[in-house]
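A short worksheet on the structure shown next.
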Amino acid sequence: MPFFSQYDEQLTPAETELVGRARRFCAGAFSAAIHEAYLRGEPFAREWITAWAALGMLGLQAKTEHGGHEASFLCKIRVAQEMARHGFAAAFCLNNLQGQVTRISLHGSDEQRRHVLEPLRSGAILAAPAMTEPSGGSDLGSLATTARRVDGGWSISGTKSWVTNGTIVDGITLLARMDAGGELATFFVSLGGGDSLGRHEILLPGARSFRLAALELRDHFVPDWALLSRPGEALRAAMESVNAARVHVAAMAVASLHAALCEATRHCSSRQAFGKPLLAHQGLQWELAEVSIRLEAANALVFRAAQRVNSRLPAVTAAAQCKKFAVDTAIWGIDQCIRAMGAIGASGTHRLSMQLAEVRLAAFGDGTNEIMLDRIGRSLAKDYADPAGSEHRS
């Protein structure tokens, strides 16, 4: 049975075609290109973003009336997994770009759609979420970026760090505090040139394809129409998006580990040592068997959480559980696959070293492992106090 069959069985025919489109895009030249870029210590070429947009994939979850596909969250997960089998960072970045299209299509105003929806969907402009700051990420109470009311709009000042695709995006969806000490609101911020913007790449050797950057805004003007979520609404919307993002990251980690295990199994089945295939040696066989067990467990957690997000059910605990376990399992499991293959597993001949370097970053994005444990711990009394089985598990 195909590894991802439980997801695929719940997709519509149109969504199945979209997953197939992603699978075909990844095969061949794209897969080779992202690996070659990693070996050169560079991000993959921007032309692949243009090609991805030309397939209509930036409108994956946008409404059909806006040129999108109205795909489900499970379909989004599967598209990301097909890409993550070839490269975690490339998958993360390309799927990150479509999130802003989805937000404007589903929740934006008519004026917001007129200004930016079609350029975002077509890839003429690129945008990314921007929440984390140098002084805090998951602790939203510490966010210091402010929005000050001015004639015709808002003046925004502050620094956002660890912005995915931050070196190339033309806009960001930004959380800011309404004046000092006020409630949070969300804005779409177009990033023009001039003195009001500073852009600084964050160098991560071995993971350049995330294109991470810090963006410093200094009295940066945004017009009235760019207010996406008002005070009192922004925090709830941000947390809902974070839970979905955690499941998304976990799903890609599972796919990366699955690809590594397949590669290690093929190699160890064909390479001979002491008169028989490596995989016939019990010690090595058991090591990969252990990887397969934890992989299946991680995938089950991800699928459960993805179903909750897809059905719009509470998913705080489920998202935290699957992200922590899946990412930890992927980091450990890919390393085990490299060890099973020997030195060649760590060489440029295979992409396991690239996957390991990139998946490690998943332990920090959308909440660290410690934050995941905190979210799980806060729900223990609610989720596990009833010996008969709680009806309220989130």
Side-chain angles (χ1 to χ4, degrees), residues 1-8 77-78 80-89 91 206-207 246-307 317-347 349-365 368-370 372-373 376 384:
M1 179 181 295
F3 183 73
F4 300 108
S5 60
Q6 73 264 50
Y7 302 86
D8 294 336
I77 288 288
R78 285 294 294 117
Q81 287 175 324
E82 289 298 330
M83 305 190 75
R85 288 181 51 78
H86 300 267
F88 182 90
R246 287 170 180 168
V247 180
H248 183 229
V249 169
M252 292 192 296
V254 163
S256 294
L257 176 55
H258 180 255
L261 180 57
C262 291
E263 192 161 356
T265 300
R266 286 193 300 269
H267 175 81
C268 294
S269 296
S270 62
R271 184 174 175 81
Q272 297 282 318
F274 303 102
K276 58 184 179 181
L278 289 177
L279 198 61
H281 292 272
Q282 188 180 70
L284 186 146
Q285 186 184 83
W286 284 12
E287 288 180 358
L288 293 183
E290 184 70 30
V291 173
S292 76
I293 294 168
R294 298 192 197 183
L295 170 62
E296 294 288 348
N299 192 42
L301 278 174
V302 170
F303 183 62
R304 172 180 171 269
Q307 285 184 307
T317 302
Q321 287 173 330
C322 79
K323 181 178 184 289
K324 178 170 190 312
F325 188 74
V327 172
D328 280 353
T329 297
I331 293 170
W332 167 83
I334 295 171
D335 186 60
Q336 290 298 106
C337 291
I338 292 173
R339 290 167 180 262
M341 294 172 65
I344 195 171
S347 73
T349 304
H350 297 271
R351 68 183 62 225
L352 275 68
S353 60
M354 178 185 79
Q355 292 282 37
L356 183 58
E358 294 177 348
V359 170
R360 284 186 188 278
L361 272 294
F364 309 107
T368 64
N369 280 355
E370 291 73 24
M372 298 304 99
L373 289 172
I376 298 164
Y384 300 101

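What you are looking at is a predicted structure, and each value in this text was computed from that prediction instead of being measured. Values reported hereafter were calculated over all heavy atoms of this structure, with side chains retained and with hydrogens, waters and symmetry mates removed.
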If you look at every heavy atom in Ala207 and Ala357, which pair is closest and at what distance? CB-O, 4.4 Å
Say whether, by atom type as modelled, one donor and one acceptor occur between the side chain of Arg351 and the main chain of His86 under 3.5 angstrom. yes
How long is the gap from CZ on Arg339 to CG on Leu352, to the nearest 0.5 Å? 13.0 Å
Taking all heavy atoms of Val359 and all of Val327, pick out the closest pair and write down the distance. O-CG1, 4.2 Å
Would you name the heavy atoms of Ala326 and Ala298 that are closest together and state the gap between them? CA-CB, 3.9 Å
Between Gln355 (side chain) and Arg85 (backbone), is there a donor-acceptor pair under 3.5 Å? yes
Any non-hydrogen side-chain atom of Phe3 less than 4.5 Å from a side-chain atom of Val254? yes
Look at the side chain of Ser347 and the backbone N and O of Ile344, then say whether any donor-acceptor pair between them is shorter than 3.5 Å. yes
Which heavy atom of Gly333 sits nearest to which heavy atom of Leu257, and what is that distance? C-CD1, 3.5 Å
Do Pro277 and Gln272 have side chains that get closer than 4.5 Å, going by heavy atoms? yes
Could you tell me which non-hydrogen atom of Ala363 sits nearest to which non-hydrogen atom of Ile331, and how far apart they are? CB-CD1, 4.4 Å
Main-chain N/O of Ala84 paired to Ser256 side chain as donor or acceptor, under 3.5 Å: yes
Tightest non-hydrogen contact, residues Leu288 and Leu279, listed as CD1-CD1, 3.9 Å
How many angstroms lie between CD in Gln81 and OH in Tyr7, if you round to the nearest 0.5 Å? 5.0 Å
Straight-line distance of His267 NE2 to Ser269 OG, nearest 0.5 Å: 10.0 Å
For His350 and Met341, run side-chain contact (heavy atoms from CB on, under 4.5 Å): C-alpha distance rounded to whole Å, both residues' side-chain angles, the deciding distance at 0.1 Å, then the answer. CA-CA 10 Å; His350 297 271; Met341 294 172 65; 3.5 Å; yes
How long is the gap from NZ on Lys324 to OG1 on Thr329, to the nearest 0.5 Å? 8.5 Å
Kindly compute the distance separating SG (Cys337) from CH2 (Trp332), expressed to the nearest 0.5 Å. 8.5 Å
Okay, side chain of Glu358, backbone of Ala89: is any donor-acceptor separation there less than 3.5 Å? yes
Rounding to 0.5 Å, atoms CG (Leu284) and CD (Gln282) come to a distance of 11.0 Å
